[in-house]
Amino acid sequence: MENANSEIKPFESFDNTFKYCTYGMIFSNIYPNKTNMKKRLFSYFSFLFFVSPCLVSFAYSCRIYITEEDIFNLTRHVAVGIIIGLYIFKSLYCILKTHTFGNILNAISYDMIEANELDDGAKKLYRLFLKKAKFGELVWTLLPMTLGFLFPLYAGIVMIHENISKDYPHREMVHEMEIPFVKNSKYDSPVFEIIFVISTASCILLMPNFCGMDGSFCIATTHLGFKLKYVAYLVREAFEESNDSFELHAKMKHATKCHQKALQFYKELQDFYGPWLLGIFIVTSSCIAFNLYQMYIIQQLHPKYVLFAVAAVLHMYVPCVYASNVTEFGEDLATELYCAAWERKFDISAIKSVIIMLANAQRPLILTGCGIVTYNMQLFITVMKSTYSFYTLITST
């Protein structure tokens, strides 16, 4: 009986389909559950209190580096600080925007369950988009893990090497910074161990947030792409498969409703992810530039800075790709609507519906960071060019 049900309903809800993303949102307290908002806010501020020694030390170090005009350590510090700042912003933002975020995930779940009732052609189309969404989820599972474990593992490996090869080994912090009140004893026990544990825990706790929030963007944009493609599929099927005007009108009415839902879903995505996209642009641009500067100063390809820079590049590249796909699907919809076999059936009402849908499809579906930066592949190229210009500028001085 279970095998029969699994064959009948191959598509499940968001939670059951994208488990890594769901677990990431749950563990980072950003899963949009309206009933526990106060508890999640309490957990959020409790976490900030737990890592407050590191945050205070971070701010203290920045003040010292600015006072001493130590640009090298300041940029090294800021490159990590803006990642932490992005995490703090995203966590609070998702909690406060629980209603909007929940509507997006519920809409995806509803459509996924409804996909079980679609015909074979539509199911085949949805499977293609489901693979793209799962790939995006996988990227945002592996990328945060790589970056999150990078600093603790590097510090651990360095200390193991120091203990094996030297009589007086040097202790390596997860992130080198000045500690107020214990500046001269930060490498002594138990201060070093306490800071190391808090820093490591902070790195690990950052990972689920990026997996959940950033992964959901790839899933949501891919789902929007399916909704747009499905509209074109419905219109094409309506004109090619309808046996009479009544059936044609019913199918076109359904296609029009689906198109309106797709446009509304796009507006919800722009409203929710807009501030996050702006934050990604600022963070990745700064991280790439600062890490290039670090490698230029030390005159070597330091593995920690190289991986950090590569992760920042991917952090910008992946959202640009998925946002560009939305724009491309929106443009393709207008072409596919025009190429539908509407001339085969001389039905004024149905043709008027196509004209209205064509007019709506002329509006470009562009995802922006609060209207300041437009996410597409041109933005990625611009960021890379700007970073290279910055690198050539600092190396020529």
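Sequential numbering from 1 along the given sequence is applied to the chain's residues. Side chains included, hydrogens not; waters and symmetry mates left out as well; all remaining heavy atoms used.
The line from CG of Leu365 to CG of Leu224 is 6.5 Å long, rounded to the nearest 0.5 Å. With rounding to the nearest 0.5 angstrom, the CD1 atom of Ile280 is 11.5 Å from the CG atom of Leu379. To the nearest 0.5 Å, atoms CG (Leu74) and CZ (Arg63) are separated by 13.0 Å. Annotation: the span from Asn33 atom CG to Ile26 atom CD1 amounts to 9.5 Å, rounded to 0.5 Å. Taking SG from Cys218 and CH2 from Trp140, the interatomic distance works out to 7.0 Å, rounded to the nearest 0.5 Å. Expressed to the nearest 0.5 Å, how far NE2 of His161 lies from CG of Asn163 amounts to 11.0 Å.
Side-chain atoms of Asn209 never come within 3.5 Å of backbone atoms of Ser28 as a donor-acceptor pair (strictly under, hydrogens ignored). Remark: side-chain polar atoms of Asp271 are not paired, donor with acceptor, to backbone N or O of Lys267 under 3.5 angstrom. Checking side-chain atoms of Thr98 against main-chain N and O of Ile95 turns up a donor-acceptor pair under 3.5 Å. Distance alone, capped at 3.5 Å, is enough to place a donor-acceptor pair between the Tyr375 side chain and the Phe281 backbone.
Between Cys21 and Ser216, the shortest heavy-atom distance links the atoms SG-N, 3.7 Å. In this structure, Thr256 and Ser353 approach most closely via the heavy-atom pair OG1-CB, 4.2 Å. Across Ala312 and Thr284, no two heavy atoms sit closer than the pair O-CG2, 3.5 Å. The two residues Val313 and Phe380 have their closest heavy-atom pair at O-CE1, 3.7 Å. Among all heavy-atom pairs drawn from Met357 and His259, the shortest one is O-CE1, 3.5 Å. Residues Val139 and Pro144 share a closest heavy-atom pair of O-CD, 4.0 Å.
Residue Asp244 qualifies as enclosed at atom CG: its count of foreign heavy atoms under 6.0 Å is above 12. Environment of OH in Tyr20: sparse, with no more than 12 heavy atoms of neighbouring residues, nucleotides or ligands closer than 6.0 Å. Crowding of Tyr23 atom OH: a count of heavy atoms from other residues, nucleotides or ligands under 6.0 Å not exceeding 12. More than 12 heavy atoms of other residues, nucleotides or ligands lie within 6.0 Å of CZ in Phe72, so this atom counts as buried by the packing criterion.
For residues 307-330, every residue pair satisfying the side-chain hydrogen bond (donor to acceptor under 3.5 Å, both in side chains) rule, not counting sequence neighbours, is listed here: Asp214-His315. Residue pairs meeting the ring pair (Phe, Tyr, Trp, His ring centres under 6.0 Å) criterion with at least one partner in residues 95-120, sequence neighbours excluded, are Phe101-Phe272.
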Test Phe129 against Phe329 for ring pair (Phe, Tyr, Trp, His ring centres under 6.0 Å), laying out the working first.
-> CA-CA 12 Å; Phe129 281 88; Phe329 293 139; 5.3 Å; yes
Evaluate ring pair (Phe, Tyr, Trp, His ring centres under 6.0 Å) for Phe47 paired with Tyr87, printing each intermediate quantity in order.
-> CA-CA 12 Å; Phe47 170 75; Tyr87 166 80; 5.5 Å; yes
Yes or no on salt bridge (Lys or Arg N to Asp or Glu O under 4.0 Å) for Glu162 and Arg171, after CA distance, side-chain angles and deciding distance?
-> CA-CA 8 Å; Glu162 289 277 327; Arg171 285 183 162 185; over 6 Å; no
Carefully, step by step, assess Thr200 and Phe151 under the rule side-chain contact (heavy atoms from CB on, under 4.5 Å).
-> CA-CA 8 Å; Thr200 302; Phe151 287 85; over 6 Å; no
May I have the step-by-step check of side-chain contact (heavy atoms from CB on, under 4.5 Å) for Ile356 and Asn360, ending in yes or no?
-> CA-CA 6 Å; Ile356 294 173; Asn360 287 327; 4.0 Å; yes
Under the side-chain contact (heavy atoms from CB on, under 4.5 Å) rule, what do Ile113 and Glu12 come out as? Steps first, then yes or no, please.
-> CA-CA 6 Å; Ile113 295 172; Glu12 298 181 287; over 6 Å; no
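Using cut-offs of 30° and 60° for the angle between ring planes, the Tyr273 and Trp276 rings count as perpendicular. Under the 30°/60° scheme for interplanar angles, the aromatic rings of Phe226 and Tyr230 are found to lie parallel.
Side-chain contact annotation: Asp111 with His223, donor-acceptor N/O pair under 3.5 Å present. With hydrogens and angles left out, the side-chain atoms of Tyr233 and Asp119 include a donor and acceptor closer than 3.5 Å. Counting only N and O atoms by type, the side chains of Asn103 and Asn106 include no donor and acceptor under 3.5 Å apart.
In this structure, Leu92 is a member of the same hydrophobic cluster as Ile82, with clusters built from ILVMFWY side-chain heavy atoms closer than 4.5 Å. Follow the hydrophobic side-chain contacts under 4.5 Å out from Val197 and you never reach Phe50; the two are in separate clusters. One hydrophobic cluster, built from ILVMFWY side chains closer than 4.5 Å, holds both Phe308 and Leu314. Leu48 and Met207 sit in two unconnected hydrophobic clusters of ILVMFWY residues. Membership requires side-chain heavy atoms under 4.5 Å apart, directly or through other members.
Considering Lys34, Lys39, Arg40 as possible partners of Asn36, the one that fulfils the side chain to side chain donor-acceptor pair (under 3.5 Å) test is Arg40.
Under the 6.0 Å distance and 45° angle rule, Lys229 does not count as a cation-pi partner of Tyr126.
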